[in-house]
Amino acid sequence: MTQSAISLRGLAKTYAGGKQALKGIDLEIPRGSMFGLLGPNGAGKSTLINILAGLVNKTGGTANVWGFDIDDHPRNAKRSIGIVPQELVFDAFFTPFETLELQAGLFGVPKAERRTMELLRAVHLDDKAHVYSRTLSGGMKRRLLVAKALVHNPPVLVLDEPTAGVDIELRQQLWDYVRTLHAGGTTVVLTTHYLEEAEALCDRIAIVNQGSIVANDLTSVLLSTAGDKKLIVTVDRDLTAVPPGLEERTELKGDRVLTLTYDKRSRNAGQVLAAVAAAGLGVVDVSTQEADLEDVFLELTRA
Ligand code: ADP
Ligand code: MG
């Protein structure tokens with residue numbers, strides 16, 4: 001029994017054509033978290049989600065949802081998770097009301113326990129309850145899929161690229177609703193290729209690149225690391241200590257070499273060097289160094 005909402009061990013997927021989409025993913029998604037799976041297109045995010053949804057068969061490793069192994073207890077695993085797929089798959093000739101009722105039926109939710117209109121109200125589709133789904137806009141379809149993922153009241157909600165095709169105002173409503181669910185105890189996992197989106201919503205972020213996890217930490221930790229930059233400065237005289245007035249995170253590396261770590265979102269190299277000059281030191285040589293993670297972020301979020 002695991003305390004994680006989702007637990008993956010060596011999860012691997014090689015598609016029939018030979019494409020290795022997941023190369024042995026180890027990942028724990030804590031219960032109660034708002035977790036971001038961040039990575040560029042083609043990283044393997046949907047493959048991972050679709051394995052959890054039972055839409056793609058893994059070729060290696062294990063996956064566990066809310067304590068249920070997806071191979072040993074597939075029904076319980078499926079009941080524990082609601083998935084909003086990246087693709088807008090929906091039943092064009094059913095109304096939103098019928099779509100939710102059918103889904104509830106599939107999960108064996110008794111009529112008395114169904115919350116069809118409540119869910120439609122929550123995603124602002126109550127006035128569209130009885131129109132054909134094919135007449136809904138892209139944003140409305142996305143919200144219908146969110147409601148559909150929730151009919152069986154799962155403890156884990158997964159949204160795969162949820163803002164695709166959703167305009168800004170409705171996006172805000174969608175996030176408000178997701179935040180409400182999270183505040184009510186639902187574990188939320190979302191995939192995105194937008195750093196800002198993961199940053200704004202998620203308390204933890206794992207970065208996926210080419211089928212592997214390359215970073216996984218609290219958002220605040222990732223961001224503080226990502227914002228760091230280092231100046232390595234050689235000065236014109238010997239020092240025995242870091243002179244006052246310099247960056248807090250300054251270290252003396254040899255008699256004449258200082259490394260000054262600063263947050264590049266609030267300072268620039270010019271300001272850091274000006275402080276060195278103000279401390280009465282002449283600058284003989286300067287080089288810069290980015291935090292590794294920033295390179296990762298830049299690489300991953302480059303369009
Ligand atoms: P993401 O959701 O992060 O954009 P995907 O999981 O959709 O990434 O895709 C990961 C890799 O697997 C990509 O190279 C993609 O082309 C490939 N892939 C996805 N689905 C299939 C499939 N059904 N058959 C073969 N290759 C696939
Ligand atoms: Mg995807």
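One-based numbering, in listed order, for ligands and for the atoms of each.
- Side-chain contact check for Pro85 versus Asp160: every heavy-atom pair is 4.5 Å or farther apart.
- Arg31 and Gln3 get closest at one heavy-atom pair: CG-O, 3.0 Å.
- Residue contact annotation: Ser46 places an N/O/S atom under 2.8 Å from the Mg ion (ligand 2).
- Residue-level contacts of ligand 1 at the 4.0 Å heavy-atom threshold are Tyr15, Lys19, Ala21, Pro40, Asn41, Gly42, Ala43, Gly44, Lys45, Ser46, Thr47.
- The shortest distance between side-chain heavy atoms of Ser133 and Pro96 falls below 4.5 Å.
- Here Gln86 reaches the Mg ion (ligand 2): one of its N/O/S atoms is less than 2.8 Å from the metal.
- For Pro155, the side chain to side chain contact (heavy atoms under 4.5 Å, CB included) criterion is met by Trp66, Ser80, not counting sequence neighbours.
- At least one side-chain heavy atom of Ile232 sits under 4.5 Å from a side-chain heavy atom of Val257.
- The shortest side-chain heavy-atom distance between Asn216 and Ile207 does not fall under the 4.5 Å cut-off.
- A pairwise comparison of heavy atoms in Val151 and Leu100 identifies CG1-O, 3.8 Å as the closest pair.
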